[in-house]
Each structure stands twice: as structure tokens, then as C-alpha cells.
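It should be emphasised that the depicted structure is a prediction, and the values quoted were computed from it without experimental measurement.
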Amino acid sequence: MSESTLGGGALMGRKQVDTVRLVWMLVALVLALMTVFPLFWMISIAFKPAAEVFRPNILPVAPSWDNFLYVLTEVPFLKYLGNTFFVSAVVTVVALFFHTMAGYALARLRFPGRETIFILIFSTFLVSLPVIIVPLFILVRAMGMLNTYAGIIVPAIFHAFGIFLLRQYYLSLPRELEEAARIDGAGYWRIYWSVVLPLSRPILASLAILFFLANWNSFLWPLTVASNQDLWVVQVGIANFRGQYATSWHYIMAASTIVALPMLILFVIFQRQIMDSTRPAASKAERQPTDQAS
């Protein structure tokens, strides 16, 4: 086979690779535009006056802050934002505290039924909130937590994803660190507090962002358990706002922009930590059988 034939085959192969790459880039561009455009349209309508909302122009002719001022002054939206921030922050802190202990116990401690407990926790991934919302509501009502912050916060603390991710992360930590601490006389609590938690800062930062985002956007459970308007979170407030101002889309979009913008900024800033949060579980899951066998 001549060198010209080999060179022609290599050139054709490179052209095919470049064509496939170009096609995938175009597909990614289309998907990116489909994702970004609704957000752009929401912000655009938020700056439009009522008479301009249904006009085909993408950008507002005369941008105005009046819609935002109306939402922040005529509606107790700042109260909703404060409730949402409080609930999200408390759930995030408390959940991380208990999830780290549960993950460490399931990864390192040896006790009967450990694997069964982990399987039962992991199986809750298959159960969505609408399935258990009625018995959960009955339980919360029997405990006298309706229309309280505790009724909104306590059921949201447990999440199997956080326990699973932390367990897999702790399985990847070298045992030598714990053995060295044990030689120095440290018990389980001392090892957990002084050795394990400081090493967990990267995964805890990622989980904190994910938990905060999830609770910031929570709607169904706060709507179910809190009928008192003073306890409403922003998603419930927007739903009620949409019912009152069904035709005032400029007000609705302004309220939605106020809620979405902080989370978008948070996601852009910490997107690397969010993406990295799933890597330890994916890369270290194969070590689980080895650890159990030891």
C-alpha cells in the first residue's frame, strides 16, 4: 500500500472526526440556547411594562424597575425570602451534621445489620415525596408541628443522597489516619470530630450547596404543612402571587427573577464544587466490596 493511500485514509479519518465533533458542538449549542432562552425571556418580561408584555420584541423598549419595586413593596416578598433563607440554612446545617455521622458510622463502624440499614436508607431513593406526603402530614399533625418552622424543617433534614455520598467518600479515606489517631488514644467521637470532619470539607461544601438549592426551591411540602402566610417560602408565595395576578405576567416574572437570580449566581460561582461532588461516589464505589471483605 502506497504512502499516498495511507495519507489519504488518515486525512479522511480526520475529516470524519471533525465532522462528528462539529455536529456535537451544534447539538450542544442548540441545547444551551433552549436552556438559557427561558431564563432570558423571564428577565426580559420582568423589565417590561404591562402594555409591552405580549409584544414580540425580545428586549424591552423602555426597561423599568417598577415591577420589582411593586413586588418588593406591595407584597410581603421580603418576608418570604427571609423564611426561605432561614429554612434552607437550618436544614443544610443540621442535615450535614447528622449525615456526616451517619455516613461515617455506615462506612467505618462494625455492627450487626449495618449493610441492611444502608440498603434501607438507599432504597428511599425510590420513594418520592408525593407518595408519602399524606402519612407524613398525619405524623406532623399528630406531633403538633403544623404551621411551625419545625414542621417545615424537620421532615426535610433526612436525605439518602447525602448519606450515600458521604459514606462513599469516607470509604475512600485511608484507614491509616484513623489508626494513628486511635494509637494516640482517640475514640470514635474524637476521630470523627478531629480527623474525619476536617478531611470532609470539600464534599461538605458541595453538599451544602446542593442542600441549600434544593430547599430554596422547595414547594410541595411547605405548601402542605404551612397555611399561615407568615411562614410561606418564596415558591409558595409565587404560586399565590400567580393566583392573584393571573394576567399580570410582568409582576410574576419580576418575582420569579428575584427568586431565581441569587441561586443562578450561586450555581455559577460554585458549579465546579457541585460537579465534583459526585466524583468520589462514582470513582470509589468499586472499593466497597474490598472494604467489606477486610
Give a yes or no answer on whether the side chain of N228 reaches the backbone of N147 with a donor-acceptor pair at less than 3.5 Å.
no
Pairs under 3.5 angstrom only: tabulate donor-acceptor contacts from the side chains of residues 121-141 to other protein residues two or more places apart or in another chain.
unit_1 : atom_1 : unit_2 : atom_2 : d
S123   : OG     : I119   : O      : 3.3
S123   : OG     : L120   : O      : 2.6
T124   : OG1    : I121   : O      : 2.5

A226 versus L231, closest heavy-atom pair with distance
CB-CB, 4.1 Å
Could you go through the side chain to side chain donor-acceptor pair (under 3.5 Å) check for Q229 and Y80 one step at a time?
CA-CA 9 Å; Q229 188 173 352; Y80 302 156; 2.8 Å; yes
Kindly indicate, with the supporting measurements, whether the criterion side chain to side chain contact (heavy atoms under 4.5 Å, CB included) is fulfilled by F86 and V90.
CA-CA 6 Å; F86 174 75; V90 172; 3.7 Å; yes
Should the heavy atoms of other residues, nucleotides or ligands under 6.0 Å from CH2 of W41 be counted, would the total exceed 12?
yes
Search all heavy atoms of F40 against all heavy atoms of L59 and return the closest pair with its distance.
CZ-CD2, 3.5 Å
Pair T100, Y170: side-chain N/O donor-acceptor within cut-off below 3.5 Å
no
Do side-chain atoms of H99 reach the backbone of F161 as a donor and acceptor pair under 3.5 angstrom?
no
Would you find a donor on one side and an acceptor on the other, under 3.5 Å apart, between the side chain of N83 and the backbone of D230?
yes
So with a 6.0 Å cut-off around CH2 of W24, is the heavy-atom count from everything else above 12?
no
Hey, does D66 have a side-chain heavy atom less than 4.5 Å from the side chain of Y251?
no
Ring-ring centroid check W65 F47, cutoff 6.0 Å
yes
Is there a side-chain contact between I45 and F54, using heavy atoms and a 4.5 Å cut-off?
no
Donor-acceptor pair, distance only, cut-off 3.5 Å: does the side chain of S206 make one with the backbone of P202?
yes
Within a radius of less than 6.0 Å around CZ of F98, do more than 12 heavy atoms belonging to other residues, nucleotides or ligands occur?
no
Side-chain donor/acceptor of S200 to backbone N/O of I203, under 3.5 Å:
no
With heavy-atom distances below 4.5 Å as the criterion, would you say the side chains of R182 and Y188 are in contact?
yes
Side chain to side chain, F85 and L81, heavy atoms closer than 4.5 Å
no
Can a donor-acceptor pair be found, under 3.5 Å and without considering hydrogens, that links the side chain of N217 to the backbone of L213?
yes
Output yes when a side-chain donor or acceptor of W232 lies under 3.5 Å from a complementary backbone atom of I238, and no otherwise.
no
Check whether L173 and L106 end up in the same hydrophobic cluster, where Ile, Leu, Val, Met, Phe, Trp and Tyr are linked by side-chain heavy atoms less than 4.5 Å apart.
yes
Salt bridge present between R108 and E179 (N-O < 4.0 angstrom)
no
Would you call L166 and Y104 a side-chain contact if the rule is heavy atoms closer than 4.5 Å?
no
Evaluate the ring planes of F164 and F118, with Trp represented by its six-membered ring, and classify them as parallel (under 30°), tilted (30 to 60°) or perpendicular (over 60°).
parallel
Would a single hydrophobic cluster contain both M25 and L31, if residues Ile, Leu, Val, Met, Phe, Trp and Tyr are joined by side-chain heavy-atom contacts under 4.5 Å?
no
Y192 reachable from V195 in the ILVMFWY side-chain graph, under 4.5 Å edges
yes
Linking I/L/V/M/F/W/Y whenever their side-chain heavy atoms sit closer than 4.5 Å, directly or via other members, would V93 and M101 fall into one cluster?
no
Which donor-acceptor pairs under 3.5 Å do the side chains of residues 252-267 make with protein atoms, sequence neighbours left out?
unit_1 : atom_1 : unit_2 : atom_2 : d
S256   : OG     : I252   : O      : 2.9
T257   : OG1    : M253   : O      : 2.7

Group every Ile, Leu, Val, Met, Phe, Trp and Tyr by side-chain heavy-atom contacts under 4.5 Å, then state whether L26 and V23 land in the same group.
no
For F68, does the CZ atom have more than 12 heavy-atom neighbours from other residues, nucleotides or ligands under 6.0 Å away?
yes
Can you find a pair of side-chain heavy atoms, one from E52 and one from N57, that are under 4.5 Å apart?
yes
